[in-house]
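The sequence lines fix the lettering, A, B, ..., with proteins before strands; numbering per chain opens at 1.
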Amino acid sequence: MAELGVAPIRGSLALNPSYEQQTWEGIMHRRAFLKTVATIAAAGGLATPAISQRAAARTLRFVPQADLANFDPIWNTQYVVRNGAVLIWDMLYGADDRLQPRRQMVEAEETSADGLVWTFRLRSGLKFHDGEPVLARDVVASIARWEARDNMGLMLKAIEQELTAIDDSTFRWTLKKPFPKLLIALGKIGTPSCFIMPARIAATDPFKPINEYVGSGPMKLVRDEWVPGARAVFEKFADYVPRQEPESWVAGGKRMLLDRIEWITIPDPATASAALQSGEVDWWETPLADLVPLLRKNRNVAVDIKDPLGNIGDFRMNHLHPLFNDVRARRAILTAMSQEDYMRAIVGDDDTLWKPLPSFLTPGTLLYTEDGGDIVKGPRNLDVAKRLLGESGYAGQPVTCVVAQDIAITKAMGDVTADLLSRLGIKVDFVATDWGTNAARRAQKSPPGQGGWHMFHSWHAGAVCVDPSSYTPIRANGDKAWFGWPTSAKVEAAIESWYDATSLDEEKAAMRRLNRAAFEDVVYAPTGFFLEYQAWRKNVNGIVKGPLPFFWGVSKTV
Amino acid sequence: MMNYVIRRILATIPVMAVVALFVFSLLYIAPGDPAAVIAGDQATPADVERIRASLGLDRPFLIRFGEWSWQVLHGDLGTSIFTNLPVAAMIAQRIEPTLSLMAVTLAFAVTVAVPIGVVAAWRADTLIDRAIMAFAVLGFSVPVFVIGYVLAYVFGLQFDWLPVQGYTPFAEGFGPWIENLILPALALGCVYIALIARTTRAAMLEVMQQDYIRTARAKGIGQAGLLFVHALKNAAVPIVTVIGIGMALLIGGAVVTETVFAIPGIGRLTVDAILRRDYPVIQGVVLLFSFVYVVVNLVVDLTYTVLDPRIRY
């Protein structure tokens with residue numbers, strides 16, 4: 001229903017400005033008239049509540065990427081939950097626009113010479129939304145809950161000797177072995193991030209949701225106005241004291257120029273597009289690429305790249321069962337697949353939105369490497385791929401390809417894959433389903449004919465794919481790995497060496513080994529790197545590009 | 001009469017029990033897993049398993065069904081898996097937009113459909129009749145979401161007369177409330193108008209052949225009085241029946257309409273819950289819809305006695 005977003009077309013009438021002006025003035029009068037009639041008609045003359053211009057300028061209406069049904073950022077690790085959580089909860093450290101951890105709630109930290117004892121001092125004046133001060137014991141309880149759910153947290157927990165509050169503002173973390181990436185772990189924006197909650201809330205089982213949404217972040221949730229799945233309202237937290245440094249992603253001074261932010265979930269992209277064009281909302285996080293040309297025609301709407309770190313497409317194969325338990329079959333896919341086909345299916349004809357990716361890492365970032373990525377470069381070779389398939393023992397059995405049809409990106413990739421497989425002579429059992437079913441089915445380890453699967457598609461935020469800290473899908477530790485359960489000792493060794501690295505050069509070397517090994521063993525098939533757009537009304541200022549919407553520094557005029 | 005009402009109300013209990021069992025069983029065998037959705041894309045299979053266990057989704061069917069039934073019998077529809085809020089509270093939060101949408105749609109549809117159905121019957125086989133019936137076929141054939149998009153494009157974007165999405169509670173004033181409901185009610189009402197108009201026409205045509213109509217006409221009663229007093233009242237039973245049956249259409253249509261116009265009602269709650277596999281919410285909403293449908297049918301049956309004194313229960 002792309003027509004919904006079409007900018008007004010008034011043909012030759014548009015050549016006559018005076019006529020156009022007259023017409024639209026008339027229309028505006030009609031609208032005012034309708035409003036007046038409706039108001040008068042109301043019993044007792046119920047008045048339309050007037051929102052003052054100033055209040056309107058301090059209220060931002062935002063359309064998030066997905067429905068926000070829950071706020072627990074530890075229990076529910078969906079990105080949209082984290083995006084809302086950064087408003088409510090603060091973090092000890094925050095990643096800046098170079099993804100470097102910067103002090104946030106922490107005033108200073110101290111490390112022992114052997115790297116085993118870390119002592120942290122909190123900033124003074126930190127308060128939770130209920131007025132209580134943020135204490136070291138709140139931090140200790142919050143870290144404990146986060147540790148149980150996060151990959152890096154689990155690694156820390158495994159080497160943790162003691163995590164304790166020394167006094168109200170100081171806590172100490174004693175480890176059994178050094179962990180050079182500790183600050184990255186505390187400041188990362190990959191989910192779950194280490195948000196700090198009051199100890200009574202953080203005591204909740206990390207596998208059960210919390211009931212109170214009390215944080216110390218720059219905004220607080222207006223619980224009375226929260227309609228899960230439809231609307232969430234945040235109000236400025238008056239007692240929040242931002243850091244003095246300039247804001248940079250989730251680091252620096254989070255200065256709120258808005259009094260109120262309304263998250264309005266609009267499930268239908270065409271409706272969201274219309275709402276943005278008509279000024280009913282101010283900022284749309286992820287407009288469909290198909291609708292962007294229409295939005296660009298509206299003089300009141302600005303469109304730009306959402307996140308320069310973009311996304312990496314993932315064609316995931318099941319390493320547990322034939323056919324893809326044979327690395328030759330997986331390599332056949334890499335040999336035959338055209339990343340361009342996948343990317344064009346996702347983003348359309350806009351060449352600025354995608355690039356081929358002979359890597360598992362986010363292009364343009366410090367550790368990016370193309371080592372070992374030749375297999376996805378250059379002209380595609382179906383003959384070699386067919387030969388590899390033959391060598392893997394493929395004999396015409398159906399291959400179960402599970403494709404979520406309700407998500408544009410997975411649907412697009414699924415269609416390209418179906419075509420690719422048929423060109424390779426593979427019999428496809430194409431399971432068109434919804435994301436909920438896909439999410440459940442991909443967790444099945446049973447053979448494809450018994451409820452399992454051969455392949456599905458997903459994608460990963462580029463911010464996650466910069467290093468292994470939050471990059472779960474790159475892990476190749478068999479049963480403990482992400483869906484598909486790849487096993488590769490070389491990949492795991494490279495990841496371990498990254499964790500142990502103490503210099504940038506060491507980290508880069510580790511990532512070169514990781515990329516090479518991941519292509520050799522085909523942990524998954526990267527389908528390319530792609531960007532997404534965001535769109536906003538031009539009276540909104542201060543929107544920055546990033547992996548999540550940052551509301552600090554954003555202002556609005558009426 | 002009172003015995004009949006009591007019998008009918010009591011009969012809703014086994015109906016609701018069957019619905020409950022059916023819905024629970026259907027969800028049990030349906031693919032999908034809320035734990036996988038909650039866990040998010042970065043979670044490992046082990047995380048998904050632990051969440052599933054914490055939600056009690058790994059327990060046998062009979063135990064889960066028994067617990068849920070016991071809760072429902074005590075007036076507790078359970079707690080949403082995702083929001084951790086009581087299902088009853090979530091439904092209460094969403095009921096106003098849906099009731100408003102249905103009420104405005106119903107009022108609009110009946111106001112338009114009955115007169116045009118009467119006119120079509122009065123001018124049977126003329127151009128007016130054919131035009132009305134063509135509109136009815138069109139209204140019945142075009143999906144609600146298509147009508148919704150067209151209305152939003154024309155009246156929301158092109159003319160900027162009405163908002164394209166959202167809902168304003170009635171407590172904030174009649175103006176904003178109705179402003180948000182006009183387009184959704186128009187979209188949802190089309191199919192309903194078509195249904196009622198066609199039924200009205202058919203019923204009126206039959207009644208207009210009756211002797212008492214000829215007698216009334218012979219007595220010199222004016223056309224309006226003849227149509228709307230003598231004929232329409234006697235044609236009302238099938239019309240009321242269709243209005244009642246049409247409630248199911250309205251409930252189904254509200255799901256789509258609320259999604260297209262981003263109205264935070266029960267319909268959207270249902271869609272969201274299905275996509276996320278939020279079982280307690282799905283079960284609660286389906287039970288509610290079933291109950292509403294049973295009650296509407298009861299009201300329709302009772303209305304017959306008012307419209308036709310010959311009918312007695």
Name the region of I263(B), side chain, backbone, both or neither, that has any atom closer than 4.5 Å to a heavy atom of chain A. neither

Checking heavy atoms, do the side chain of T433(A), its backbone, both or neither come under 4.5 Å from chain B? neither

Return yes when atom CZ of F61(B) has more than 12 non-hydrogen atoms of other residues, nucleotides or ligands closer than 6.0 Å, and no otherwise. yes

Between N76(A) and chain B, with a heavy-atom cut-off of 4.5 Å, which part of the residue counts as in contact: side chain, backbone, both or neither? both

Per-residue tally against chain B (heavy atom, under 4.5 Å) across I266(A), I210(A), T437(A), D205(A) peaks at T437(A)

Non-hydrogen atoms of chain B under 4.5 Å away: do they reach the side chain of W75(A), the backbone, both or neither? both

Let's test your reading of the structure: which of P264(B), S54(B), G156(B) forms the most heavy-atom pairs below 4.5 Å with chain A? S54(B)

Which value, rounded to the nearest 0.5 Å, describes the distance between N70(A) atom CG and L85(B) atom CG? 8.5 Å

For the CZ atom of R276(B) and the CH2 atom of W435(A), what is their distance to the nearest 0.5 Å? 15.5 Å

A274(A) backbone acceptor or donor facing Q165(B) side chain under 3.5 Å: no

Heavy atoms only: give me the nearest T83(B)-A69(A) pair and the separation to one decimal. CG2-O, 3.0 Å

Pair F82(B), D67(A) - check side-chain contact (heavy atoms from CB on, under 4.5 Å), show working. CA-CA 11 Å; F82(B) 278 81; D67(A) 174 20; over 6 Å; no

Of the backbone (N, CA, C, O) and the side chain (C-beta and beyond), which part of I264(A) lies under 4.5 Å from a heavy atom of chain B, both, or neither? side chain

Interface check, chain A: of M90(B), R50(B), R52(B), most non-hydrogen pairs under 4.5 Å belong to R50(B)

Expected output: side-chain E280(A) to main-chain V164(B) donor-acceptor under 3.5 Å: yes

Taking D268(A) for its side chain and T259(B) for its backbone only, find out whether a donor-acceptor pair lies under 3.5 Å. no

In terms of heavy-atom pairs under 4.5 Å with chain B, which of P206(A), P228(A), P192(A) leads? P228(A)

Relative to chain B, which segment of A481(A) carries a heavy atom at a distance below 4.5 Å: side chain, backbone, both, or neither? backbone

With chain A as the partner, which of V271(B), V48(B), I51(B) has the greatest number of non-hydrogen pairs under 4.5 Å? I51(B)

Flag, side chain of R149(A) to backbone of D47(B), donor-acceptor distance under 3.5 Å: no

Contact origin within D72(A) toward chain B - heavy atom pairs under 4.5 Å: neither

Salt bridge present between R277(B) and D434(A) (N-O < 4.0 angstrom): yes

Show your reasoning for whether side-chain contact (heavy atoms from CB on, under 4.5 Å) applies to K208(A) and L55(B). CA-CA 8 Å; K208(A) 290 186 174 166; L55(B) 294 171; over 6 Å; no

When P267(A), A439(A), A275(A) are compared by non-hydrogen pairs under 4.5 Å with chain B, the top option: P267(A)

Main chain of V260(B), side chain of T271(A): is a donor-acceptor contact present, judged purely on distance under 3.5 Å? yes

Kindly compute the distance separating OG (S278(A)) from CG (L162(B)), expressed to the nearest 0.5 Å. 11.0 Å

Assess, by modelled atom type and distance only, whether the side chains of N211(A) and N84(B) contain a donor and an acceptor separated by less than 3.5 Å. yes

